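Everything numeric in this text was worked out from a predicted model, so none of it was measured. Chain letters run A, B, ... following the sequence lines, proteins first, then strands; residues in each count from 1.
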2 protein chains.
Amino acid sequence: MSNQDPSRTRRRRGSAQPTLKEVAAAAGVSSITASRALNAPERVNEETRKRVLEAVDRVGYVPNLVAGSLASARSRFIAVIVPSLANAVFIEVIRGLQATFEAQGYQILLGNTDYDIEREHRLVRTFLGWSCSALVTAGLRHTPACRDLLEHCDKPVMEVMELGEALDLNVGLDHREAGRCMARHLLERGYRRIVYVGACLDKDYRAGLRFDGHREVMEAAGREAPLIELDRLGSLEAGAAGLDRVRDAYPDAEAIHFANDDLAAGALLHGFRLGLKVPDEIAIAGFNGLALGQHLTPRLTTIKSPRETMGRQAAEQILRRLDGKRVTRRQCNVGFELLVGEST
Amino acid sequence: MSNQDPSRTRRRRGSAQPTLKEVAAAAGVSSITASRALNAPERVNEETRKRVLEAVDRVGYVPNLVAGSLASARSRFIAVIVPSLANAVFIEVIRGLQATFEAQGYQILLGNTDYDIEREHRLVRTFLGWSCSALVTAGLRHTPACRDLLEHCDKPVMEVMELGEALDLNVGLDHREAGRCMARHLLERGYRRIVYVGACLDKDYRAGLRFDGHREVMEAAGREAPLIELDRLGSLEAGAAGLDRVRDAYPDAEAIHFANDDLAAGALLHGFRLGLKVPDEIAIAGFNGLALGQHLTPRLTTIKSPRETMGRQAAEQILRRLDGKRVTRRQCNVGFELLVGEST
DNA sequence: TAGAACTATGATAGCGCTAACATGATAGCG
DNA sequence: CGCTATCATGTTAGCGCTATCATAGTTCTA
């Protein structure tokens, strides 16, 4: 059986949507002129541009960005990779990135690693496959293969959240120093038996860095630095459990340095339920500077990091680089601020 | 000055990355076989597949998804459009969507409208331009042009959060009924002078629907339904301000029905700072069932909606549709649950 | 054992757009 | 006035992949 119509050429129909060619025909110009009218208006006569825009409306044209990206070998995608969406901290960074990038016509591709650097690697591959314009990832730890990809992809790579030996661009803060800062504060307040409570420090290794700073200061002061590690990531429940575990394991503890505000707030609220006097019976400190902590009674002592700003700064640096400007300061320390409440 | 080598054809270099063709050459097969080895393994001999995969590793091939999408006229993108990233509610829905879609190899394209349906329209255009496989948007309200795009794009369109006259698929809950439910609860508890406090009800119109339900029940009971509208969206600060405004404007109010838990928790915490007895002096109720409310003392009475589940269900329905299966039940009510705490 | 059905692979032609080069018209300059 | 510079537009050839059709070999069926 032969083809019913051998003269008919092979058929393939894409999206059935109107294409630039049709717009061009409707406007009486070539398709490249239509393309320019949309993407580089200054290169086209005012009159012509108007005609093209009218034609766009008339035929209901929606640009095929996939085709455009393939042809130009670049997309207006920015890959953003974070370890978790459950943690408000990352959401705020994303918000800063998003606001800045969207205003410049970039679209964010969001990836979630669940604190797994293998998944990070997979996400990086995928996003590179989308010809993203730049990559933003939370943290400095990657698999060797992922490192390799990032180093050789020839796109701006931004590592946010922490400072250190970065691949390319880096906006963040010094977590070890933040840990030291809070430990010093607690010692200054006169507390001596201080327990650090973290959750999954292997995953949330930045909290691990803060603990390192904490321990450093404690040991320099000739004090021990006991650690309790919870097995669930930051949540109010986990914080409540943490308080119980400290009271159980270290009945004479005077203060608890929590790895983050979720845990600390959970402990504070739990302490309240138990009728515990904070900070007289036990002092509580956190990290992040979430709004919640500042609305509790007593207000939570914590360290505030400028997360949305961090996102904005990261985005701005990347945009500068994408505009062809050399970025001189590749590393940017956004710092942090000790907020002293009544909980310590 | 002529070209240095006129015989050389026009040059254009894409990403300088290895392509499928190179992989194919390295594996000694045609590029289409290499393509199949990666995308339809069952259509290729076991041996051949292995050789291709080795070649992929050898040359460091990263698939160009843009080219693939153009050729196949579909991408593994799912567009997700939410009004805000500042609101934990949407984040949780996104989490549900993300977990389900990512497991199936789909990538989420996240868009944020800032509660502006014009921006929603722009985002829909952009995402359609990316040949996304499906669209998820929070809510049933769109500009007419956006409606039109969504109706004619021939892709699964999922409207989440609320139930109603949907374009295509719909997973959500009945906000009006939720408002009724809480109003009934407050009346049953014996409160009579009840103030509803919302924030930007024109934007957060779902909270407006809940107020409608609330008012309906109040009026049926022969009671008034005073409304106080704040000008900042849900936050602890706004909730504190809301409590102050109610005490100022309605000194004899017995209960406050807040539009969401952020406001309610803010009020509860503020009341605590003021030394106000809740619920004796004033009862407080919220909506959402956030973890925070359940950790406060007194526990917040609220209505819990299964947000992550909503995301998962939405994703599953879409996946079913994308797999070619007809979805019979286009509308899915995920319901809600009244959580009675000690705050009422 | 002829034919159907299936398996494994390949050749070819796009997908819809834009980079690179080309062209013709007009303006600017000494 | 000839020459270059600039502007507005067009022609052509891909970007890297996959849909479609084609082909040869193998297995199954009656």
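Formation of a donor-acceptor pair under 3.5 Å by the A:Asp114 side chain with backbone atoms of A:Asp116 is not found in this model. Between the side chain of A:Asp168 and the backbone N or O of A:Glu151, no donor-acceptor pair lies under 3.5 Å. Between the side chain of B:Glu162 and the main chain of B:Leu140, a donor-acceptor pair closer than 3.5 Å is present.
For the pair B:Thr19 and D:dC15, the criterion of a side-chain N or O lying under 4.0 Å from OP1 or OP2 is not met. For D:dT18, neither phosphate oxygen OP1 nor OP2 lies less than 4.0 angstrom from any side-chain nitrogen or oxygen of B:Ser72. Contact between the side-chain N/O atoms of B:Asn45 and the OP1/OP2 oxygens of C:dT7 is not found at any separation under 4.0 Å. The phosphate of D:dT9 has neither OP1 nor OP2 within less than 4.0 Å of any side-chain N or O from A:Thr33. Listed pair A:Ser35 / C:dT18 meets the phosphate criterion, a side-chain N or O lying under 4.0 Å from OP1 or OP2. Between B:Asn64 and D:dC15, a side-chain N or O to OP1/OP2 separation shorter than 4.0 Å is absent.
Within 6.0 Å of CD on A:Glu165 lie no more than 12 heavy atoms contributed by other residues, nucleotides or ligands. Environment of CG in B:Asp323: crowded, with over 12 heavy atoms of neighbouring residues, nucleotides or ligands closer than 6.0 Å.
Distances were taken from every side-chain heavy atom of A:Ile32 (C-beta onward) to each of C:dT9, D:dG10, C:dA11; the shortest belongs to D:dG10. Nearest to the side-chain atoms of B:Ser30 among the listed nucleotides C:dT9, D:dT9, C:dG10 stands C:dG10. Across D:dT18, C:dT9, C:dC17, the shortest atom-to-atom separation from the side chain of A:Ala71 is found for C:dC17.
Following rounding to the nearest Å, B:Leu128 (CG) and C:dG16 (P) show an atom-to-atom distance of 15 Å. In this structure, CZ of A:Arg76 is placed 17 Å from P of C:dC17, rounded to the nearest angstrom. With rounding to whole Å, B:Leu70 atom CG is found 11 Å from D:dT18 atom P. Taking atom CG of B:Asn39 as the reference point, atom C1' of D:dT20 lies 16 Å away to the nearest angstrom. Spacing between atom CD of A:Glu47 and atom P of D:dA8 amounts to 12 Å, rounded to whole angstrom units. Here the C1' atom of nucleotide D:dA22 and the CZ atom of B:Arg43 are 13 Å apart, to the nearest Å. In this structure, CD of B:Glu22 is placed 9 Å from P of D:dG16, rounded to the nearest angstrom. Taking atom CG of A:Leu20 as the reference point, atom C1' of C:dA19 lies 15 Å away to the nearest angstrom.
When heavy atoms are screened at a 4.0 angstrom cut-off, A:Val66 is found touching no nucleic acid atom at all. As judged by a 4.0 angstrom heavy-atom cut-off over every strand, B:Thr48 is placed among residues touching the sugar-phosphate backbone only. Using a 4.0 Å heavy-atom cutoff across all strands shown, B:Arg74 reaches sugar-phosphate atoms only and no base atom.
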Could you write out DNA chain C as a dot-bracket string, with dots for unpaired bases, | for bases paired across to another strand, and Watson-Crick or G-U pairs counted at under 3.5 Å?
||||||||||||||||||||||||||||||
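Under a 4.0 Å N-O distance rule, the pair B:Glu46/B:Arg49 qualifies as a salt bridge. Under a 4.0 Å N-O distance rule, the pair A:Arg312/A:Glu308 qualifies as a salt bridge.
Tested against B:Leu38, the residues B:Val23, B:Val44, B:Thr33, B:Leu53 include a single side chain to side chain contact (heavy atoms under 4.5 Å, CB included) partner, B:Leu53.
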